[in-house]
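Throughout, protein chains are lettered first and strands after them, A, B, ... in sequence-line order, and every chain is numbered starting at 1.
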Amino acid sequence: MRTQKGVQVRVPKKKESITNILKKNWQLYILILPAVIYFFVFNYMPLYGIQIAFKDYKAVDGIAGSAWVGWKNFTDFFHAYYFKRLLLNTLLLNIYYLLWSFPVPLILAILLNRIRGDRTKRAIQTCIYIPYFISTVVLAGMLYIFLSPSAGIFNILRESLGLKTIDFMSKPEAFRSIYIASGVWQSAGWGTILYIASLAGVDQELYEAADIDGASVWQKIRYIDLPSLVPVAVMVFILDCGKLVNSDTNKVLVMQTPGNVSTSDIIGVYVYNVGLGSGQFSYTAAIGLFTNLINFILIITVNKISKKITDVGLF
Amino acid sequence: MSKRQKKKTMSMSNRIFYIFNTIFWIVIMFIILYPLYLVVIASVSDPDAIVRGEVIWHPVDFSLIGYKAVFQYSEMLRSYGNSIVYTVVSVIISIFVTLTAAYTLSRPKFAGKGILNFFFIFTMFFNGGLIPTFLVMKDIGLYNTPFIMILMGCVSVWNMMVARTFIQTSIPNELYEAAMLDGASHFNYFFKIIIPLSKTIIAVLIVYYGVAKWNDYFTGLVYLRDRELLPLQTVLKEILATLQVDKSGDYMVSISENAASINEATRIANVAKYCIIVVATGPVVVLYAFMQKYFEKGVMIGSLKG
């Protein structure tokens with residue numbers, strides 16, 4: 001910090017001409033060019049494709065040539081009989097998931113921080129990251145295997161207790177629990193990284209002072225650890241809220257069975273099935289735009305509220 | 001205060017806390033590791049023992065027929081090769097694009113920095129959605145080519161910001177000033193100083209990008225039509241579809257195509273599903289193990305401000 005300030009003082013600010021700046025920095029713009037091209041092609045060009053949400057897309061006419069239909073695709077969706085079910089399934093799945101996936105990593109990080117012995121700590125850390133590296137497909141495969149009514153470990157356990165076997169994966173009422181439990185199992189350990197990093201940054205003198213005052217471990221957690229995690233936790237929470245209508249379509253798609261469809265049918269899966277399966281491009285593009293807008297509004301609102309209450313915000 | 005004294009004076013409530021914490025972590029470790037352990041021991045057990053529900057704590061009737069069937073299954077091997085190619089090429093591109101952009105954005109001030117930042121961050125919060133992206137990719141001719149598999153999702157803004165934070169915080173600014181005084185260009189500085197000093201963050205990026213690419217089944221599902229191009233995870237997804245009915249359907253049976261009879265094929269399929277999981281997840285876990293040394297430090301540094 002000190003040196004930076006020193007530099008600022010030493011070099012008086014001079015207005016440079018544009019050609020001078022370009023001469024000095026043209027290589028910088030070359031270096032960032034690949035990223036700009038990448039995001040232009042893969043993120044901004046699809047934005048141009050959004051217009052088909054207001055059109056009746058026909059492959060022969062292309063994106064620009066298809067006829068405009070105004071808000072028709074949107075009103076069709078809002079009036080469809082499955083609209084309420086899709087929206088409710090999506091929201092419930094994500095809200096329930098957030099209720100578990102947000103606090104669990106926090107608790108894990110705080111308790112991990114209290115493990116005495118660096119080697120044990122590091123060993124635990126290494127282990128709790130592993131599930132994160134398992135792919136969605138493999139995770140779903142494991143669920144099907146473990147929950148299988150014939151030789152799945154859960155049903156073996158039930159049988160040994162004298163209970164009837166259950167085909168969990170075709171039970172609509174079990175779907176959300178399975179989704180949440182497997183999701184927390186897979187990502188909670190990974191989610192501790194940010195918190196552990198900020199706990200490591202806590203001033204050690206605070207703990208020493210607490211020791212001298214005779215504070216218990218609980219008190220140290222309550223008055224030192226938790227407050228130091230608030231800024232990061234708020235940021236994570238804001239980002240999570242931005243996904244409330246945009247759940248993990250990839251995972252639900254591989255967990256959906258004919259049996260559990262009444263709770264597992266969410267907007268993202270519907271868009272995939274109807275959009276790419278039956279080729280209703282314009283209609284599903286409109287649905288996609290609708291969820292995108294809700295997410296966008298959500299994240300901005302939560303960010304604003306959080307800035308007011310905790311003074312922490314993403315932007 | 002010495003350690004022994006500290007222990008003596010430890011209060012009752014603290015002692016209860018540490019006992020609780022130990023039990024808590026033993027339970028958590030079991031929940032996390034047991035499912036993985038179960039898959040591994042089942043994959044080397046006899047299929048009949050698995051069906052009888054005997055494989056719980058250790059392998060029963062050790063056998064490798066599942067692995068033999070998996071490695072003889074041609075579609076599985078081809079998609080495995082595809083996945084390796086897609087992942088390696090994609091990660092190289094990812095790292096190059098991410099680091100060059102991160103370097104530029106980490107420079108203190110230059111014309112257009114604000115606009116560029118907005119250009120990237122905006123994509124984190126708003127995107128075209130599945131269908132418009134699909135149609136545009138089709139229009140520009142990336143549909144059903146290996147390029148879509150390599151390029152789709154190969155640069156992430158989040159990783160770019162993590163790398164930028166790393167360059168800002170762990171490479172001393174004095175180096176930059178000295179190099180500039182000596183008349184070094186940005187190219188010189190980037191390739192001769194930044195890259196060699198960024199080993200930690202490169203390791204982290206390899207893991208992040210490599211895992212995401214290797215584990216992605218959705219891009220293959222949406223953007224590929226030719227079976228020869230499919231990556232491993234997309235093929236696994238199809239196999240999984242037959243697990244749903246909990247009978248090893250056609251696909252799993254066809255995995256043991258060399259088996260003597262249908263019965264034998266179904267029998268082998270019961271163990272092969274475990275072997276597939278081990279084979280598909282193995283490379284990623286090995287990658288993680290190799291990068292472990294750099295990993296922890298890099299993730300911490302990158303995430304502190306990211």
Side-chain angles (χ1 to χ4, degrees), chain A residues 3-4 21 25 27-28 31-32 34-35 38-39 43 45-47 49-50 52 63 111 114 124 126-128 130-131 133-138 140-142 144-146 148-151 153 156 189 193-194 197 200 216-218 242 250 254 257 271-272 275-276 281 284-285 288-289 292 296 299, chain B residues 11 13-14 17 21 24-25 29 32-33 35 38-39 50-51 53 97 100-101 103-104 107 110-111 116 120 123 125-133 135-136 139 155 173-174 185-187 190 211 215 217-218 222 233 236-237 240 243-244 246 273 277 280-281 284-285 288 292 299-300 303-304:
Chain A
T3 49
Q4 272 176 346
I21 292 172
N25 279 340
Q27 291 186 339
L28 265 189
L31 283 172
I32 204 158
Y38 177 85
F39 284 100
N43 287 83
M45 274 170 49
L47 291 186
I50 283 182
I52 67 158
I63 292 174
L111 292 180
R114 290 289 154 200
I124 291 177
T126 307
C127 289
I128 61 175
I130 294 176
F133 295 97
I134 292 171
S135 77
T136 313
V137 174
V138 167
M142 286 168 69
Y144 284 112
I145 291 172
F146 293 151
S148 144
S150 52
I153 187 84
I156 293 175
I193 289 182
L194 282 172
S216 72
V217 186
W218 296 108
N250 293 1
V254 283
T257 64
V271 167
Y272 170 78
L276 296 176
F281 294 125
T284 44
L289 179 58
N292 247 337
F296 194 64
I299 204 164
Chain B
S11 71
S13 77
N14 282 10
F17 174 86
N21 205 15
F24 176 84
W25 280 105
M29 282 293 110
I32 286 175
L33 295 178
L38 186 59
V39 168
I50 298 173
V51 174
V97 177
T100 48
Y103 169 72
T104 304
R107 290 311 93 202
F110 62 91
L116 281 169
F120 293 124
T123 64
F125 301 108
F126 201 82
N127 58 63
L130 176 65
I131 305 294
T133 310
L135 293 176
V136 168
D139 277 1
V155 188
N173 211 32
E174 286 82 358
S185 67
H186 283 295
F187 285 171
F190 177 74
V211 170
N215 283 345
Y217 81 91
F218 198 68
V222 171
Q233 300 289 337
L236 289 187
K237 197 253 169 196
L240 183 83
L243 282 182
Q244 284 179 5
D246 192 56
K273 55 192 179 189
I277 291 180
T281 314
V284 179
V285 174
Y288 169 57
Q292 177 83 43
V299 170
M300 296 284 178
S303 58
L304 269 180

| query | Taking every heavy-atom pair that is under 4.5 Å apart, which of A/Ile50, A/Leu47, A/Leu111 has the most such pairs with chain B? | reply | A/Leu111
| request: With the side chain counted from C-beta on, respond yes when A/Leu276 and B/Ile131 share a heavy-atom pair under 4.5 Å apart, and no when they do not. | output: yes
| query | Given the options A/Ile130, A/Ile52, A/Val138, A/Leu289, which has more heavy-atom pairs under 4.5 Å with chain B than any of the others? | reply | A/Val138
| request: Can you measure from CG (B/Leu135) to CE (A/Met45) and round to the nearest 0.5 angstrom? | output: 12.0 Å
| request: I would like to know whether A/Phe39 and B/Val155 meet side chain to side chain contact (heavy atoms under 4.5 Å, CB included); could you show each step before the answer? | output: CA-CA 8 Å; A/Phe39 284 100; B/Val155 188; 3.8 Å; yes
| task | Report the distance from atom CZ of B/Phe24 to atom CE of B/Met29, rounding to the nearest 0.5 Å. | result | 9.5 Å
| task | Could you tell me which portion of B/Thr123 (side chain, backbone, both or neither) has an atom closer than 4.5 angstrom to a non-hydrogen atom of chain A? | result | both
| task | Can you tell which part of A/Ile153 gets under 4.5 Å to a heavy atom of chain B, answering side chain, backbone, both or neither? | result | side chain
| message | Using a 4.5 angstrom heavy-atom cutoff, name the option from B/Leu33, B/Leu116, B/Ile277, B/Asp139 with the most pairs to chain A. | response | B/Ile277
| When rounded to the nearest 0.5 angstrom, what distance separates CZ in B/Arg107 from CG in A/Asn25? | 10.0 Å
| said: Does any backbone or side-chain atom of B/Phe218 lie under 4.5 Å from a heavy atom of chain A? Answer side chain, backbone, both or neither. | reply: side chain
| note | Bottom line for B/Ile50: the part with an atom under 4.5 Å from chain A's heavy atoms is backbone
| Hey, is the main chain of A/Asn250 close enough, under 3.5 Å, to the side chain of A/Tyr272 for a donor-acceptor pair? | no
| query | Between A/Gly189, A/Cys127, A/Gly275, A/Pro131, which residue shows the highest count of heavy-atom pairs closer than 4.5 Å to chain B? | reply | A/Cys127
| query | Do B/Phe126 and A/Asn292 come close enough that some side-chain heavy atom pair is under 4.5 Å? | reply | yes
| message | Just verifying a value: how many Å separate B/Phe125 CZ and A/Ile299 CD1, rounded to the nearest 0.5 Å? | response | 4.5 Å
| query | Considering only heavy atoms, which portion of B/Ala280 lies under 4.5 Å from any heavy atom of chain A: side chain, backbone, both, or neither? | reply | side chain
| query | Under a 4.5 Å heavy-atom cut-off, does chain B meet the side chain of A/Ile128, its backbone, both or neither? | reply | both
| said: So for A/Ile156, is it side chain, backbone, both, or neither that comes closer than 4.5 Å to the heavy atoms of chain B? | reply: side chain
| Can you say whether B/Phe187 sits under 4.5 Å from chain A via the side chain, the backbone, both, or neither, judging by heavy atoms? | both
| task | Spell out, as yes or no, whether a donor-acceptor pair under 3.5 Å connects the side chain of A/Ser135 to the backbone of B/Asn215. | result | no
| said: Angle between ring planes, B/Tyr103 versus B/Phe190, binned at 30° and 60°: parallel, tilted or perpendicular? | reply: tilted
| task | Would you mind checking which part of B/Val211 comes under 4.5 Å of any heavy atom in chain A, side chain (CB onward), backbone (N, CA, C, O), both or neither? | result | side chain
| request: Let me know if A/Tyr38 has heavy atoms under 4.5 Å from chain B in its side chain, its backbone, both or neither. | output: side chain
| query | Considering only heavy atoms, which portion of B/Asn127 lies under 4.5 Å from any heavy atom of chain A: side chain, backbone, both, or neither? | reply | both
| query | Of the backbone (N, CA, C, O) and the side chain (C-beta and beyond), which part of A/Phe146 lies under 4.5 Å from a heavy atom of chain B, both, or neither? | reply | side chain
